[in-house]
There are 2 protein chains.
Amino acid sequence: MTTHARRSLRHRIADELRALVLSGELPPGAQLPSEPELARRMQVSRSSLRSAIALLEEEGLLRPVHGSGTYVNDRPLLRDDLSRNLSGTEMIAATGRTPGARLTEARLEAAPPEVAAAFGLPDGTPLSALRRVRTADGEPVIDTTDWCRPEVLDPVAMADPAGGSVYQALAERGLAIHHGVATMRPAMADARVAERLEVPEGSLLLTLFQTDSTADGVVALVSLEIYPADAFLISVYRRGPGDES
Amino acid sequence: MTTHARRSLRHRIADELRALVLSGELPPGAQLPSEPELARRMQVSRSSLRSAIALLEEEGLLRPVHGSGTYVNDRPLLRDDLSRNLSGTEMIAATGRTPGARLTEARLEAAPPEVAAAFGLPDGTPLSALRRVRTADGEPVIDTTDWCRPEVLDPVAMADPAGGSVYQALAERGLAIHHGVATMRPAMADARVAERLEVPEGSLLLTLFQTDSTADGVVALVSLEIYPADAFLISVYRRGPGDES
DNA sequence: CCGGCAAAGTTGTCTGACAACTCTGCACAG
DNA sequence: CTGTGCAGAGTTGTCAGACAACTTTGCCGG
């Protein structure tokens, strides 16, 4: 391996294997070539290949069986798996529709209590806020609000972020998002949200309050997303209750 | 390593490390001993230790930094993280309340369409169904229905499962649950659910439809769980958008 | 006081070997 | 002909040692 990127080798190998599976080249149930063989073909060491396979096993995509081989799991393909997919744009694109946005509005505003708490700041601290209604094929499907510290991104930078996405703009400022924690609640549409999402007042919604942090635990972005009840099938892949027999 | 268990070595090492972190012996931000040192102490090879660390990195618990060391992440502890926690009993216990159940009712019934589809069976196939209202300190918090194939567990076995939990009863019959996929929807309480959960009719609910599968993709259990809006904070840990910088 | 550099320490990857396990197919007894 | 047992080949799991790539520390010279 002479071609070096930033991601570690095992992640790049995992990407390559994942692509093979998702493209259907390795159909569900299929057995992978043996590790030495595959390592030779991909020009990597067996240990790096094994690390990659371990990642994909953890993801639930592959299933190595001692003494037999490594197989492709045929679990339902979750394009909208919450635990792997941070961005609303991707969720929309994954359903095959064209993502868009309207009613974009960015300004400095006082942090609501829940948001301030997530950042660990006092109530009312001024924050950059970006409000959008995201659309799929022109139809409104998510009402989102993103908050971040103004010294990191000012409202103007949030509304038109470098690199196209707020995540990338944050990454360029040294705040690459490592993980997020999302909390879900059912809700009913009040007049304001009903108008923005073009649904009847009082109709069912799912709200998702999320705090995104960097690898060292700094909260970099907080967002509130509001979905009409049936805009998406919001799913989560859950691991089994330990391997205890 | 002469002491053999069922779980693979790296999982056992990971368990040990996880315990060290959760017990507070390795506080957030702390640097682990170096890999060679730790491997020597735990009497395992460095490669096995590295595999374990990779697992915990994927879990978000540890953060190895090339050339520097491996550190404990201080991410918020999610007691009710959906993506790691399958059982309603555990969710209740994690909030510090005492789990219980009432209105337990088990019988053979025709599979509703959505359930039949999850099993890949025709509509109306008879299935074992177990209906319960689970309680926390006596207060109703989840209305659950579990379905499984009657040749695996008959209604009587479901109502009083060997080993105490349906999961364990399934595992003893060679159907250990490996993963599940849960889909969330907001809903409103109809008369029946309102009475069972002791909430006003029309109040907000979160429903969670889940299919649990074995390692080879066989659907072993399907369940529908209904939560009052504020019974739990249902959260998900989401990985960041790739490591691309 | 500051900048640069070398050295020590750490994680990432490679190579080769053997152990543990699974699966296939053949020989052999019934 | 059939079923059983066993040996062998093939595969994943683990081990050991080495070097590369990177970070951090601290010294030295300006």
Side-chain angles (χ1 to χ4, degrees), chain A residues 1-17 26 29-59 61-73 174 176 178 214-216 243 245, chain B residues 1-17 26 29-73 174 178 215-216 243-245:
Chain A
M1 283 273 83
T2 53
T3 131
H4 286 107
R6 272 205 171 56
R7 284 164 68 81
S8 79
L9 179 53
R10 66 164 184 270
H11 286 297
R12 281 175 288 153
I13 301 176
D15 289 344
E16 207 168 321
L17 288 176
L26 288 170
Q31 176 175 4
L32 267 65
S34 77
E35 293 176 355
E37 165 69 13
L38 206 60
R40 196 186 54 71
R41 273 200 229 167
M42 300 180 118
Q43 309 257 59
V44 298
S45 75
R46 193 185 154 213
S47 30
S48 298
L49 174 66
R50 276 183 60 74
S51 305
I53 291 179
L55 286 180
L56 297 177
E57 178 190 10
E58 205 55 18
E59 264 181 44
L61 208 63
L62 297 183
R63 176 167 49 97
V65 179
H66 189 180
S68 168
T70 301
Y71 303 86
V72 178
N73 267 333
H178 174 261
T214 65
D216 16 74
D243 296 43
S245 67
Chain B
M1 282 275 85
T2 52
T3 132
H4 287 107
R6 269 200 172 60
R7 288 161 67 80
S8 80
L9 180 54
R10 67 163 182 271
H11 286 297
R12 281 176 287 152
I13 302 177
D15 289 343
E16 207 168 323
L17 289 177
L26 289 171
Q31 176 175 5
L32 267 66
S34 76
E35 292 176 356
E37 164 71 12
L38 237 148
R40 194 187 56 70
R41 274 200 229 167
M42 300 178 118
Q43 310 257 56
V44 297
S45 75
R46 193 186 155 212
S47 23
S48 298
L49 174 66
R50 276 182 60 74
S51 304
I53 291 179
L55 285 181
L56 297 176
E57 177 190 10
E58 206 56 16
E59 259 179 50
L61 207 63
L62 297 182
R63 175 167 49 97
V65 179
H66 190 179
S68 167
T70 302
Y71 303 86
V72 178
N73 265 333
H178 175 260
D216 17 74
D243 296 44
E244 87 267 349
S245 70

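Note that the coordinates shown come from a computational prediction; the quantities given were computed from them, not determined experimentally.
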*Find the distance between CG (B/Leu9) and OG (B/Ser51) and round it off to the nearest 0.5 Å.*
8.5 Å
_Give me the atom names and distance for the closest heavy-atom approach of B/Asn73 to B/Leu62._
ND2-O, 3.7 Å
*asked:* With nearest nucleotide decided by heavy atoms, which residue, A/Arg10 or A/Val65, maps closer to the 5′ end of DNA chain C?
replied: A/Arg10
*For the pair made of CD1 in B/Ile13 and P in D/dT14, what is the distance, rounded to whole Å?*
8 Å
*Below 4.0 angstrom from OP1 or OP2 of D/dG13, is there any side-chain N or O of A/Arg50?*
yes
*Where the side chain of B/Gln31 is defined as all heavy atoms beyond and including C-beta, which of C/dG12, D/dT14, C/dT10 is the nearest nucleotide?*
C/dT10
*Could you state the atom-to-atom distance from CZ of B/Arg12 to P of D/dG13 in whole Å?*
13 Å
*Using heavy atoms to find the nearest nucleotide of DNA chain C for A/Tyr71 and A/Leu49 separately, return the residue whose nucleotide is more 5′.*
A/Leu49
*With sequence neighbours excluded, tell me which residues meet side-chain hydrogen bond (donor to acceptor under 3.5 Å, both in side chains) with A/Ser68.*
A/Tyr71
*What's the shortest heavy-atom distance between B/Ala14 and B/Ala52, and which atoms?*
N-CB, 3.7 Å
*Among C/dT13, C/dT22, C/dT10, which is the nearest nucleotide to the side chain of A/Ser68?*
C/dT22
*C/dG9 P sits how many Å from B/Arg40 CZ, rounded?*
15 Å
_Tell me whether A/Arg10 is salt-bridged to A/Glu58, with the criterion being a basic N under 4.0 Å from an acidic carboxylate O._
no
*Nearest of D/dC15, C/dC14, C/dT11 to any side-chain atom of B/Pro36?*
C/dT11
_Could you tell me how far apart B/Glu37 (CD) and C/dA8 (P) are, to the nearest whole angstrom?_
19 Å
*Can you name the residues that form a salt bridge (Lys or Arg N to Asp or Glu O under 4.0 Å) with A/Glu37, not counting sequence neighbours?*
A/Arg40, A/Arg41
*Which part of the nucleic acid does B/Ser47 contact within heavy-atom distance under 4.0 Å: base, sugar-phosphate only, or nothing?*
base
_CD on A/Glu16 to CG on A/Leu49, rounded to 0.5 Å_ = 10.0 Å
Check nucleotides 17-19 of chain C for protein N or O atoms closer than 3.5 Å to its own N or O atoms and list the pairs.
| residue | atom | partner | partner atom | Å |
| --- | --- | --- | --- | --- |
| C/dA17 | N6 | A/Arg46 | NH1 | 3.2 |

*B/Ser48 side-chain proximity, nearest of D/dT11, D/dC15, C/dT15*: D/dC15
*Base, sugar-phosphate, or nothing: which does A/Thr70 touch, judged by heavy atoms less than 4.0 Å apart?*
sugar-phosphate
*Provide, to the nearest angstrom, the distance between the CG atom belonging to B/Leu62 and the C1' atom belonging to C/dT11.*
13 Å
*Expressed in angstrom and rounded to an integer, what is the separation of B/Leu55 atom CG from D/dG13 atom C1'?*
14 Å
*asked:* Counting C-beta onward and ignoring hydrogens, is there a side-chain heavy-atom pair between A/Leu61 and A/Leu17 closer than 4.5 Å?
replied: no
*asked:* Using five base pairs at each end to define the local axes, how bent is the helix from C/dC1-D/dG30 to C/dG30-D/dC1, to the nearest 10°?
replied: 0°
*Rounding to a whole Å, what distance do you find between A/His11:NE2 and C/dG12:C1'?*
11 Å
*Just grab all the salt bridge (Lys or Arg N to Asp or Glu O under 4.0 Å) pairs involving residues 47-56 of chain B, residues at least two apart or on different chains.*
B/Glu35-B/Arg50
_Residues in side-chain hydrogen bond (donor to acceptor under 3.5 Å, both in side chains) contact with A/Ser48, at least two apart in sequence or another chain_ = A/Ser45
*Can you tell me how far P of D/dA16 sits from CD of B/Glu35, to the nearest Å?*
15 Å
